[in-house]
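For the single chain, residues carry numbers from 1 onward in sequence order.
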Amino acid sequence: MRPGIARIDADCGEICLESREVCVVDEHLITGVTYKGHPEFIRLFVEALGGVISGSDKKILFLCGDFMEDYEIMVPFQSLQALGCHVDAVCPKRGPGDTCPTAVHDFEGDQTYSKKPGYDFPLAASFDGVDYSSYDALVIPGGRAPEYLALDENVISVVKSFMEADKPVASICHGQQILAAAGVLKGKKCTAYPAVKLNVMLSGAAWLEPDPIHRCFTDGNLVTGAAWPGHPEFISQLMALLGIRVSF
């Protein structure tokens, strides 16, 4: 039995829930307990549709911080898990068992985005304890976290190491503030949340207008997006760089 799958008693149909990540398959019906089970839920749904995932033997690192955007960490993180990738999230001065608070940024007709409390995101790895060279790609969520992560010399060093090794780097929303601070955007074509346009242009990059807001772009090893509505493009473009395919 795979982790995260419920046991079903053959005699009475009783479902023994082993965790909040549990998903249950009963013929054509797939059900889950909570959002924490999304990776298995999605994987089972793809499997039920006849999909075959290939090229997913990859290790992906997420660069996290306090009040990063909830959707921009949770959705790509769980999507890559669903594809079968090994995914770790790290934050400076935090370790396994710690959490990062997040914020939900929404577009509700105001002159800028609104902000609401998100879920606490759990960390399972240590920023100082991982071997960064062992990862195949880096993902940088947006939100408020990049404002201060861009000032951390260790964070800058990690970003530079991935870019210099020409490994895929996917950054969304305000994450490009970190890329700009690292000096790795010169000569690149990229987008970001419009409020970050000045950072991008002053760093020597060619600005690509995110119109509509879900537009994402790939330039060499770099994938950039403007905001969480672009997750389908953001994730699919990163998949292309990593050689991950879902075939039906």
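Side-chain N or O atoms of Asp152 include one that pairs as donor or acceptor with a backbone N or O of Asn154 at under 3.5 Å. Within the 3.5 Å criterion, the main-chain N or O of Tyr119 finds a donor-acceptor partner in the side chain of Asp70. Remark: the backbone N or O of Lys188 is not paired with any side-chain donor or acceptor of Asp219 at under 3.5 angstrom. Here the side chain of Tyr113 pairs no donor or acceptor atom with the backbone of Val104 at under 3.5 angstrom. Between the side chain of Gln81 and the main chain of Val87, no donor-acceptor pair closer than 3.5 Å is present. When atom types are taken as modelled, the side chain of Arg94 and the backbone of Thr99 share a donor-acceptor pair closer than 3.5 angstrom. A donor-acceptor contact shorter than 3.5 Å links the side chain of Lys58 to the backbone of Gly55. In this structure a side-chain-to-backbone donor-acceptor pair under 3.5 Å is missing from Thr224 to Ala192. A distance-only check finds no donor-acceptor pair linking the side chain of Ser56 to the backbone of Ile244 [under 3.5 Å]. Using a distance-only test at 3.5 Å, with no hydrogens or angles considered, no donor-acceptor pair links the side chain of Glu69 to the main chain of Gly142.
A salt bridge is defined here as a Lys NZ or Arg NE, NH1 or NH2 lying under 4.0 Å from an Asp or Glu carboxylate O, and Asp131 with Lys59 fails to meet this definition.
Within the 4.5 Å cutoff, side-chain heavy atoms of Ile235 are placed close to those of Val75. Leu222 has its side chain within reach of Leu185: a pair of non-hydrogen atoms, C-beta onward, lies under 4.5 Å apart. The shortest distance between side-chain heavy atoms of Ser157 and Tyr132 does not fall below 4.5 Å. Between Glu233 and His214 the shortest side-chain heavy-atom distance falls below 4.5 Å. At least one side-chain heavy atom of Pro168 sits under 4.5 Å from a side-chain heavy atom of Leu238. In this structure, the side chains of Pro92 and Leu149 come closer than 4.5 Å at one or more pairs of heavy atoms. His38 is not listed as a side-chain neighbour of Met74, based on a closest heavy-atom distance of 4.5 Å or more. Side-chain contact between Ile156 and Val159 is absent, with no heavy-atom pair separated by less than 4.5 Å.
The environment of Lys116 atom NZ is dense: over 12 non-hydrogen atoms of other residues, nucleotides or ligands sit within 6.0 angstrom. Surrounding CD of Glu209 are more than 12 heavy atoms belonging to other residues, nucleotides or ligands, all under 6.0 Å away. Heavy atoms from other residues, nucleotides or ligands lying under 6.0 Å from CD of Glu108 number more than 12.
Among all heavy-atom pairs drawn from Gly143 and His105, the shortest one is CA-CE1, 3.6 Å. Shortest non-hydrogen contact noted between Val139 and Pro141 is O-CD, 3.7 Å. Pairing each heavy atom of Pro194 with each of Pro210, the nearest pair is CG-CG, 4.2 Å. Nearest heavy atom pair, residue Asn221 against residue Phe162, reads ND2-O, 4.3 Å. Of all the heavy atoms in Ala89 and Cys64, the pair that sits closest is CB-SG, 3.7 Å. For the residue pair Ala82 and Pro39, the shortest heavy atom distance occurs at CB-O, 3.4 Å.
Side-chain heavy atoms closer than 4.5 Å link hydrophobic residues (I, L, V, M, F, W, Y) into clusters, and following such links, even through other members, never connects Val184 to Leu202. When the side chains of ILVMFWY residues are joined at heavy-atom separations under 4.5 Å, either directly or via intervening members, Phe217 and Ile172 end up in two distinct hydrophobic clusters. Residues Leu49 and Phe41 share a hydrophobic cluster, clusters being chains of Ile/Leu/Val/Met/Phe/Trp/Tyr side chains in contact below 4.5 Å. One hydrophobic cluster, built from ILVMFWY side chains closer than 4.5 Å, cannot hold both Phe67 and Phe127; they sit in different ones. Tyr148 and Leu63 fall within the same hydrophobic cluster, defined by Ile, Leu, Val, Met, Phe, Trp and Tyr side-chain heavy atoms under 4.5 Å apart, directly or through other members.
With rounding to the nearest 0.5 angstrom, the CG atom of Leu179 is 8.5 Å from the OG atom of Ser203. With values rounded to the nearest 0.5 angstrom, Asp66 atom CG is found 9.5 Å from Asp120 atom CG. Atoms CZ and CD1, on Phe107 and Ile213 in that order, are 5.5 Å from each other to the nearest 0.5 Å. Distance NE2/His86 to CD1/Ile60: 9.5 Å, rounded to 0.5 Å. Atom CH2 in Trp207 sits 10.0 Å away from atom CG in Leu198 (nearest 0.5 Å). Rounded to the nearest 0.5 angstrom, Glu47 CD and Ile53 CD1 are separated by 8.5 Å.
Screening Tyr71, Phe234, Tyr193 against Trp228 for a ring-ring contact (aromatic ring centres under 6.0 Å, His included) leaves a single residue, Tyr71.
Residues in residues 167-177 take part in these side-chain hydrogen bond (donor to acceptor under 3.5 Å, both in side chains) pairs, two or more places apart or across chains: Ser171-Gln176.
Side-chain contact, Ser126 with Asp128: no donor N or O sits under 3.5 Å from an acceptor N or O.
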